[in-house]
Amino acid sequence: MARVAFASSPPLISVRTLRQRFSVFAAVNPEMPLHHSSLEVLGGGTDRFLPALKESLAKPYDAFPLIGFNRHVETIYAAFFRSVPSVRLRRECLRTKDDGSVALDWVAGDDGYLPPESPILILLPGLTGGSQDSYVRHMLLRARSKNWRCVVFNSRGCGDSPVTTPQFYSASFLGDISEVIAHVGDRFPNANLYAAGWSLGGNILVNYLGQESCNCPLSAAVSLCNPFDLVIADEDFHKGFNNVYDKALSRSLCRIFSKHSLLFEDIGGEFNIHMAANAETVRDFDEGLTRVSFGFKTVDEYYSKSSSSKCIKHVRTPLLCIQAANDPIAPDRGIPRDDIKCQANPNCMLIVTPRGGHLGWVAGSEAPSGAPWTDPVVMEFLQHVESCVTINGERFLEDVHQIQV
């Protein structure tokens, strides 16, 4: 096969990779705004993706009264009082190459109901999160109602996932997500794969997209309330009321650790098992365990090198990022706006809501107890990608810098 590339073209990619990406050049009327002024929307992919989301984004973002007025109230309300839909799940434990284990929770009954080529959405919860969380369950139901196959990727120790080696997970470790995506793709070779990640799960997902770049097997992805810059997020984590979240998350990490502490009993080296087991902050846990497990000299080095803000410019897969301007855990100032809006990368689009807290977004038709405002937007984006033009059964993806003949 002969390959032709225009000047200043990026590296050429294979036909297999081409069919796993897409594009659409939508005609945009510059006189007709496609999103409400209450929303910040930018990105090199705006012209490609925004027209498909105009139904949701044309309306103002109206935070639910009394709850949405304060970012902490909204964050806490969503965590403790949002409804948790009942979803029957079937667990599959996947043994990784290093003898670790992760748990994949599939919606029960889908294999007998959905055709094998149905699109698949892989969900990555936040730090210590899993398939039990309300925001995960709501997205499962939303995607399932559109006849998408869904699976939740529970990281090691999360969602009662087994831990079989003295290693958990981190913001930069991409071995598990790579194996999960490969495994799901092998099980359903005729289905297009998608992923959505929240908070730390969003950071891991964007790191994966940047690492895989042109070779990414996902057709599209969504990142929500991603901290992006972990150094900035850590700075803000120790300010004011944010200390409440820090202590709550560190307690969750300690609970997970305590269930598997015998695996770490004689580990030695630079590990500080006592500090990790009794961590009062997330930073303490990362100092005692995480940064040592993954070969970092200091916690600050771990945070700096694990920040997805550094690799988003390498993403070559359609990516929607949704953030809240008042997120207490994923600070607005950490969003890599310049790299997202770069016209040289037409793959990313960012939506920033004026309110929403962290994992909150108590707004929209289902507020206050139903699905977050983001869920319909996420599915509109993913369905837009899935419904793009196909040629002879192959997904056609443009790259104006590349032609293969």
Side-chain angles (χ1 to χ4, degrees), residues 93-103 124-130 133 153-180 197-205 207-208 226-238 242-308 329-330:
C93 290
L94 177 65
R95 182 59 65 97
T96 59
K97 294 176 182 177
D98 65 350
D99 287 329
S101 299
V102 299
L124 287 75
L127 179 67
T128 76
D133 291 326
F153 166 25
N154 299 280
S155 293
R156 305 183 190 205
C158 297
D160 290 324
S161 177
V163 176
T164 52
T165 64
Q167 177 180 296
F168 285 109
Y169 58 96
S170 80
S172 60
F173 178 60
L174 305 180
D176 287 352
I177 185 176
S178 299
E179 291 193 51
V180 166
W198 293 264
S199 196
L200 185 73
N203 188 81
I204 293 171
L205 177 57
N207 274 333
Y208 171 79
N226 183 349
F228 280 116
D229 190 319
L230 301 185
V231 174
I232 290 177
D234 178 62
E235 290 173 358
D236 284 15
F237 223 24
H238 311 298
N242 280 8
N243 284 287
V244 173
Y245 307 128
D246 196 6
K247 291 184 182 300
L249 285 171
S250 63
R251 285 195 296 268
S252 295
L253 287 168
C254 289
R255 281 195 295 269
I256 292 173
F257 179 81
S258 66
K259 295 179 183 179
H260 312 284
S261 58
L262 289 177
L263 288 169
F264 300 83
E265 197 169 53
D266 300 316
I267 197 167
E270 293 185 48
F271 289 94
N272 190 332
I273 299 306
H274 178 77
M275 174 183 281
N278 300 279
E280 296 186 358
T281 66
V282 173
R283 187 182 180 90
D284 286 347
F285 188 87
D286 289 337
E287 171 61 40
L289 188 70
T290 310
R291 68 96 181 165
V292 185
S293 292
F294 296 96
F296 295 100
K297 295 179 180 178
T298 66
V299 173
D300 290 326
E301 181 191 30
Y302 163 52
Y303 290 156
S304 177
K305 291 185 176 180
S306 302
S307 297
S308 59
I329 296 175

Inset, instruction - Kindly compute the distance separating CH2 (W198) from CG (N203), expressed to the nearest 0.5 Å. - result: 15.5 Å

Inset, instruction - State, without any angle test, whether D234 and H238 hold a side-chain donor-acceptor pair at a distance under 3.5 Å. - result: yes

Inset, instruction - Assess whether atom CG of D98 is packed by more than 12 heavy atoms of other residues, nucleotides or ligands within 6.0 Å. - result: yes

Legend entry - Sole residue of S308, S307, S306 in side-chain hydrogen bond (donor to acceptor under 3.5 Å, both in side chains) with S172: S306

Inset, instruction - May I ask you to decide if G130's main-chain N or O and N154's side chain share a donor-acceptor pair within less than 3.5 Å? - result: no

Inset, instruction - Test V292 against N272 for side-chain contact (heavy atoms from CB on, under 4.5 Å), laying out the working first. - result: CA-CA 9 Å; V292 185; N272 190 332; over 6 Å; no

Legend entry - Y303: partners by side chain to side chain donor-acceptor pair (under 3.5 Å), with sequence neighbours left out: D286

Inset, instruction - Heavy atoms only: give me the nearest G197-L205 pair and the separation to one decimal. - result: N-CD2, 3.7 Å

Inset, instruction - Answer yes or no: is there a side-chain heavy-atom contact under 4.5 Å between S170 and S293? - result: no

Legend entry - Minimum-distance pair of heavy atoms, taken over all atoms of Q167 and F264: N-CZ, 3.8 Å

Legend entry - Distance (rounded to the nearest 0.5 Å) between L200 CG and C158 SG: 9.0 Å

Inset, instruction - Could you check if a side-chain atom of K305 sits within less than 4.5 angstrom of a side-chain atom of F294, using non-hydrogen atoms only? - result: no

Inset, instruction - Measure the CZ-CD distance between R95 and E179 for me, rounded to the nearest 0.5 Å. - result: 11.5 Å

Legend entry - Residues that A276 engages under side-chain contact (heavy atoms from CB on, under 4.5 Å), provided they are two or more places apart: F285, L289

Legend entry - Any donor-acceptor N/O pair, N207 side chain to A171 backbone, under 3.5 Å: yes

Legend entry - I273 and F257: CA distance, side-chain angles, deciding distance, side-chain contact (heavy atoms from CB on, under 4.5 Å) verdict: CA-CA 10 Å; I273 299 306; F257 179 81; 3.6 Å; yes

Legend entry - Plane angle bin for H260 and F168 - parallel if under 30°, tilted between 30 and 60°, otherwise perpendicular: perpendicular

Inset, instruction - Output yes when D300 and R283 qualify as a salt bridge under the 4.0 Å nitrogen-oxygen rule, no when they do not. - result: yes

Inset, instruction - For residues G129 and P125, report the shortest heavy-atom separation together with the two atoms involved. - result: C-CB, 3.6 Å

Legend entry - CG-OG distance between L124 and S155, expressed to the nearest 0.5 angstrom: 7.0 Å

Legend entry - Backbone N/O of D99 and side chain of T164: donor-acceptor pair under 3.5 Å: yes

Legend entry - Step-by-step side-chain contact (heavy atoms from CB on, under 4.5 Å) determination, Y169 to V102: CA-CA 10 Å; Y169 58 96; V102 299; over 6 Å; no

Legend entry - Side chain S304, main chain E301, donor-acceptor under 3.5 Å: no

Inset, instruction - Decide yes or no for L263 and T165: does some side-chain heavy atom of the first lie under 4.5 Å from some side-chain heavy atom of the second? - result: no

Legend entry - Minimal non-hydrogen separation, R156 against S161, with atom names: CA-OG, 4.2 Å

Inset, instruction - Establish, from distance only, whether the side-chain atoms of S258 and R255 form a donor-acceptor pair under 3.5 Å. - result: no

Legend entry - Test log, rule side-chain contact (heavy atoms from CB on, under 4.5 Å), inputs K259 and V163: CA-CA 9 Å; K259 295 179 183 179; V163 176; over 6 Å; no

Inset, instruction - Using atom types as modelled and distance alone, determine if a side-chain donor or acceptor of D236 lies under 3.5 Å from a backbone N or O of I329. - result: no

Inset, instruction - Could you check if a side-chain atom of D176 sits within less than 4.5 angstrom of a side-chain atom of L94, using non-hydrogen atoms only? - result: no

Legend entry - Criterion salt bridge (charged side-chain N to carboxylate O under 4.0 Å, His left out) on E287 and R291, from CA distance to verdict: CA-CA 6 Å; E287 171 61 40; R291 68 96 181 165; 3.1 Å; yes

